[in-house]
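The next block holds one structure in the form of structure tokens; read it before the comments.
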Amino acid sequence: MAQGVMGRISELNKEREQLLAREGAHHASREDRERLRQIDHDLEVLWDLRRRELAGETVDIDEDYYDRYDIDPGDDPPDQYR
């Protein structure tokens, strides 16, 4: 599965480089900057999956990769989660 995780990392890195080049030429839109933030988040998650994979854990990119995290505050949530 290393190819799946590394393949996705490679795809996102290419897209990130294109967006950064556009931003460097002062042609980046608001959507480009938002996409860059999303890509940075996705890469953090994917690199974590890759580290887990290298540590011997079985990683399934379809099950273990989430682009959004849902918080379940449980039965006794702190005030900020109510």
Side-chain angles (χ1 to χ4, degrees):
M1 186 43 99
Q3 195 64 357
V5 173
M6 287 305 299
R8 185 69 183 134
I9 288 171
S10 178
E11 290 171 11
L12 287 176
N13 271 327
K14 287 178 187 175
E15 184 180 355
R16 185 176 187 274
E17 287 175 13
Q18 292 170 348
L19 290 170
L20 287 173
R22 195 175 314 160
E23 189 173 65
H26 304 287
H27 297 298
S29 67
R30 181 181 196 175
E31 291 80 21
D32 291 338
R33 288 186 286 279
E34 289 174 11
R35 180 65 183 140
L36 265 174
R37 281 191 290 275
Q38 183 62 47
I39 288 172
D40 287 341
H41 165 77
D42 292 350
L43 285 171
E44 286 180 27
V45 172
L46 286 164
W47 278 113
D48 181 59
L49 287 178
R50 181 62 179 145
R51 285 187 286 275
R52 289 169 42 196
E53 193 173 57
L54 290 172
E57 185 175 332
T58 302
V59 172
D60 182 349
I61 196 167
D62 295 325
E63 290 183 21
D64 295 327
Y65 174 73
Y66 300 103
D67 60 352
R68 299 259 185 249
Y69 291 100
D70 293 326
I71 297 174
D72 180 5
D75 296 330
D76 187 23
D79 290 334
Q80 69 260 27
Y81 292 113
R82 291 178 195 236

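- Here the CG-CD distance, from L19 to E31, works out to 11.5 Å after rounding to the nearest 0.5 Å.
- Taken to the nearest 0.5 Å, the CG atom of N13 stands 5.0 Å off from the CG atom of L43.
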| task | Go through the steps to decide whether R8 and L12 satisfy the test side chain to side chain contact (heavy atoms under 4.5 Å, CB included), and finish with yes or no. | result | CA-CA 6 Å; R8 185 69 183 134; L12 287 176; 3.5 Å; yes

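- Every residue two or more places apart in sequence or in another chain was checked for a side chain to side chain donor-acceptor pair (under 3.5 Å) with R33, and none qualifies.
- The structure places CG of D60 at 10.5 Å from CD of E53, a figure rounded to the nearest 0.5 Å.
- To the nearest 0.5 angstrom, I39 atom CD1 is 3.5 Å from E15 atom CD.
- From R35, atom CZ reaches atom CD of Q18 across 11.0 Å, with rounding to the nearest 0.5 Å.
- E57 is not listed as a side-chain neighbour of L49, based on a closest heavy-atom distance of 4.5 Å or more.
- Using a cut-off of 4.0 Å between Lys/Arg side-chain N and Asp/Glu carboxylate O, R30 and E34 are scored as salt-bridged.
- Salt bridge annotation for E11-K14: absent, with no cationic side-chain nitrogen under 4.0 angstrom from a carboxylate oxygen.
- No continuous path of ILVMFWY side-chain contacts below 4.5 Å connects L54 to I9, so the two sit in separate hydrophobic clusters.
- Here the CZ-CH2 distance, from R52 to W47, works out to 15.0 Å after rounding to the nearest 0.5 Å.
- Tested against R50 for a side-chain contact (heavy atoms from CB on, under 4.5 Å), the candidates V5, V45, V59 yield a single pass: V5.
- A search for salt bridge (Lys or Arg N to Asp or Glu O under 4.0 Å) contacts involving R22 returns D32, not counting sequence neighbours.
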